[in-house]
Amino acid sequence: QVQLVESGGGLVQPGGSLRLSCAASGINFGLSTMGWYRQAPGKQREWVGWIITSGGTTYADSVKGRFTISRDNAKNTVYLQMNSLKPEDTAVYYCNARSMYWGQGTQVTVSS
């Protein structure tokens with residue numbers, strides 16, 4: 001079955017950086033668009049960005065210029081590099097494959 005396993009979350013100070021990873025199995029990763037979403041407490045899940053099979057990326061305005069999505073098809077892994085983090089980036093971050101499959105999420109907390 002399809003499994004998406006996120007890792008790399010944690011507590012970071014404002015202005016800091018984190019890199020999230022999402023390891024995929026059970027899908028043809030190289031042919032899959034991969035996305036990142038997040039859900040803050042009391043809010044709906046929102047789209048962060050995605051990366052298509054060719055490596056092209058698109059981002060939400062709220063993270064553009066600060067977050068970068070990349071992929072390593074040899075490792076079946078997609079990454080979310082987050083820089084210049086703000087308290088409003090605090091959320092559970094989810095990996096998504098093909099707009100169909102979800103990981104369990106990883107908590108990111110930005111606080112001093």
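Residues take their numbers from the sequence shown, with the count starting at 1.
With values rounded to the nearest 0.5 angstrom, L11 atom CG is found 9.5 Å from Q107 atom CD. Summarising the geometry, atom CZ belonging to R38 is positioned 8.0 Å from atom CD belonging to E88; distances are rounded to the nearest 0.5 Å. Annotation: the span from M100 atom CE to L4 atom CG amounts to 11.0 Å, rounded to 0.5 Å. Atoms CD and OG, from Q13 and S112 in turn, are 7.0 Å apart once rounded to the nearest 0.5 Å. The OG1 atom of T57 sits 14.5 Å away from atom CE of M34, with the distance rounded to the nearest 0.5 Å. The line from SG of C95 to CD of Q3 is 12.0 Å long, rounded to the nearest 0.5 Å.
In this structure, the side chain of T106 engages the main chain of G9 through a donor-acceptor pair within 3.5 Å. Side-chain atoms of S84 never come within 3.5 Å of backbone atoms of R66 as a donor-acceptor pair (strictly under, hydrogens ignored). Checking side-chain atoms of N96 against main-chain N and O of Y101 turns up a donor-acceptor pair under 3.5 Å.
Across N73 and R71, no two heavy atoms sit closer than the pair OD1-NE, 2.9 Å. Scanning both residues, M82 and L20, for their nearest heavy atoms gives CE-CG, 3.8 Å. Shown here for T77 and S21, the closest heavy-atom pair between the two residues is CG2-CB, 4.2 Å. The nearest pair of heavy atoms linking L80 to Y93 is CD2-CD2, 3.8 Å.
With 3.5 Å as the limit, one finds a donor-acceptor pair spanning the side chains of S32 and R98. Using a 3.5 Å distance cut-off with no hydrogens or angles, the side chains of S17 and N83 do pair a donor with an acceptor.
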**OP:** Assess whether side chain to side chain contact (heavy atoms under 4.5 Å, CB included) is satisfied between V78 and I51, documenting all intermediate values.
**Re:** CA-CA 9 Å; V78 62; I51 184 166; 3.9 Å; yes
Subject >> Test log, rule side chain to side chain contact (heavy atoms under 4.5 Å, CB included), inputs Y59 and W50 >> reply: CA-CA 7 Å; Y59 301 95; W50 56 51; over 6 Å; no
Original post:
Checking side chain to side chain contact (heavy atoms under 4.5 Å, CB included) for the pair I69/Y79: CA distance, chi angles, key distance, verdict?
Top reply: CA-CA 6 Å; I69 299 173; Y79 303 97; over 6 Å; no
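Surrounding CD of Q44 are at most 12 heavy atoms belonging to other residues, nucleotides or ligands under 6.0 Å away.
Look at D61 and K64 and you find a salt bridge, because one of the NZ, NE, NH1 or NH2 atoms lies within 4.0 Å of a carboxylate O, short of that distance.
Taking the ring centre of Y94 as origin, the terminal cationic atom of R45 falls inside the region bounded by 6.0 Å and 45° from the ring axis.
At a threshold of 4.5 Å between side-chain heavy atoms, the hydrophobic network of Ile, Leu, Val, Met, Phe, Trp and Tyr places I27 and W36 in one connected group.
By the 4.5 Å heavy-atom criterion applied to side chains, S111 and P87 are not counted as neighbours. Inter-residue side-chain proximity for L18 and L85 is flagged as met; some heavy-atom pair is nearer than 4.5 Å.
Between Y37 and W102, the distance separating the two ring centers is shorter than 6.0 angstrom.
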